[in-house]
Amino acid sequence: QVQLAESGGGSVQPGGSLTLSCAVSRYTYGYGSCMGWFRQAPGREREGVAVLYTAGGATRYADSVKGRFTISRDNAKNTLYLQMNSLSPEDTAMYYCALRPGCGSSLVLTPDLYIYWGQGTQVTVSS
């Protein structure tokens, strides 16, 4: 069973930074998979934040986080990261990492297309 485990969430003041991690286990990568970060705030639908294509490293970001968030991956550690800078209260949400095997470089941010999910880590931005 594929397992994804997020960590790194917490509380931060506006303008602050956090780095989320997602450790992936029990998964054998094919030619290319999409690994993404998603978030869900109370009363809102889950939305895509950033996605990375494992074969080549191409990335895509939601407009709301462009220039502030960076998605990356450490192949040796089999870990996905999300560096979040200039955080605002609007970024408060539960953050999830997800995996979409064989995505064929289609860097979509549609949650329904992702197969494996972690349990999430809470990010709260407030003063």
Side-chain angles (χ1 to χ4, degrees):
Q1 181 72 15
V2 177
Q3 294 183 341
L4 287 73
E6 302 95 337
S7 61
S11 295
V12 64
Q13 293 187 341
S17 298
L18 280 175
T19 299
L20 306 182
S21 300
C22 173
V24 181
S25 59
R26 302 180 183 178
Y27 178 68
T28 301
Y29 290 91
Y31 175 71
S33 302
C34 287
M35 301 182 70
W37 286 98
F38 298 80
R39 65 186 181 186
Q40 187 167 18
R44 301 187 64 176
E45 292 186 354
R46 191 170 297 187
E47 63 175 354
V49 174
V51 61
L52 179 147
Y53 184 54
T54 59
T59 59
R60 180 183 176 187
Y61 297 89
D63 289 343
S64 59
V65 306
K66 279 181 182 177
R68 300 188 299 122
F69 291 11
T70 303
I71 188 171
S72 63
R73 176 172 172 247
D74 185 325
N75 294 338
K77 296 182 178 179
N78 209 9
T79 300
L80 183 72
Y81 300 97
L82 185 68
Q83 172 68 43
M84 304 185 295
N85 298 324
S86 302
L87 286 162
S88 71
E90 289 71 33
D91 296 314
T92 294
M94 183 72 78
Y95 283 71
Y96 301 88
C97 66
L99 179 62
R100 182 185 175 205
C103 64
S105 75
S106 176
L107 297 176
V108 294
L109 292 169
T110 307
D112 290 348
L113 296 178
Y114 286 72
I115 307 301
Y116 302 105
W117 290 83
Q119 294 300 308
T121 185
Q122 177 68 38
V123 172
T124 302
V125 185
S126 69
S127 54

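When reading the values below, keep in mind they use all heavy atoms of this one structure, side chains included, and skip hydrogens, waters and symmetry mates.
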Identify, with sequence neighbours excluded, every residue that meets side chain to side chain donor-acceptor pair (under 3.5 Å) alongside Arg46.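 Side chain to side chain donor-acceptor pair (under 3.5 Å) check on Arg46 returns Gln40.
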For Tyr96, which residues count as a side chain to side chain donor-acceptor pair (under 3.5 Å) partner, sequence neighbours excluded?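 With neighbours one apart ignored, the set is empty.
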Please check this pair: side chain of Thr92 against backbone of Glu90, looking for a donor-acceptor N/O pair closer than 3.5 Å.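 Side chain of Thr92 to backbone of Glu90: no pair is present.
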Hydrophobic cluster membership, with links at side-chain heavy-atom distances under 4.5 Å among I/L/V/M/F/W/Y: are Met94 and Val51 in one?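 Per the 4.5 Å side-chain linkage, Met94 and Val51 are co-clustered.
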If you apply the rule side-chain contact (heavy atoms from CB on, under 4.5 Å), what do you find for Met35 with Arg73, and how did you get there? CA-CA 9 Å; Met35 301 182 70; Arg73 176 172 172 247; 3.7 Å; yes
Please report the closest heavy-atom contact between Gln122 and Ala93, naming both atoms and the distance.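 Taking every non-hydrogen atom into account, NE2-O, 3.4 Å.
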Could you verify whether a donor N or O on one side chain and an acceptor N or O on the other, from Ser33 and Tyr53, lie under 3.5 Å apart?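 Looking only at side-chain atoms, Tyr53 and Ser33 do not form any donor-acceptor pair under 3.5 Å.
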Looking at residues at least two apart in the chain, or sitting in another chain, which of them share a side-chain contact (heavy atoms from CB on, under 4.5 Å) with [X]?
| X | answer |
| --- | --- |
| Ser25 | Gln3 |
| Thr110 | Val108, Asp112, Leu113 |
| Ile115 | Pro101 |
| Ala62 | Ser64, Val65, Leu109 |

Which residue, Ile71, Leu82, Leu107, forms the side-chain contact (heavy atoms from CB on, under 4.5 Å) with Leu52?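 With Leu52 as partner, side-chain contact (heavy atoms from CB on, under 4.5 Å) holds for just one option, Ile71.
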Asp63: partners by salt bridge (Lys or Arg N to Asp or Glu O under 4.0 Å), with sequence neighbours left out: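 For Asp63 the salt bridge (Lys or Arg N to Asp or Glu O under 4.0 Å) partners, ignoring immediate neighbours, are Lys66.
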Kindly state each residue pair satisfying ring pair (Phe, Tyr, Trp, His ring centres under 6.0 Å) with at least one member in residues 106-127, sequence neighbours excluded.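 Those involving residues 106-127 are Phe38-Tyr114, Phe38-Trp117.
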Are [X] and [Y] side-chain neighbours, meaning at least one heavy-atom pair lies under 4.5 Å?
| X | Y | value |
| --- | --- | --- |
| Leu99 | Leu4 | yes |
| Phe69 | Asp91 | yes |
| Trp37 | Leu80 | yes |

For Tyr61 and Val49: C-alpha separation, side-chain torsions, deciding distance, then whether side-chain contact (heavy atoms from CB on, under 4.5 Å) applies. CA-CA 6 Å; Tyr61 297 89; Val49 174; 5.9 Å; no
Show which side-chain atoms of residues 17-24 pair as donor or acceptor with protein atoms under 3.5 Å away, not counting sequence neighbours.
| unit_1 | atom_1 | unit_2 | atom_2 | d |
| --- | --- | --- | --- | --- |
| Ser17 | OG | Asn85 | OD1 | 2.9 |
| Thr19 | OG1 | Gln83 | OE1 | 2.4 |

Side-chain polar contacts of residues 6-14 - donor-acceptor pairs under 3.5 angstrom, sequence neighbours left out - could you list them?
| unit_1 | atom_1 | unit_2 | atom_2 | d |
| --- | --- | --- | --- | --- |
| Glu6 | OE1 | Gln119 | N | 3.0 |
| Glu6 | OE1 | Gly120 | N | 2.8 |
| Glu6 | OE2 | Cys97 | N | 2.9 |
| Glu6 | OE2 | Gly120 | N | 3.2 |

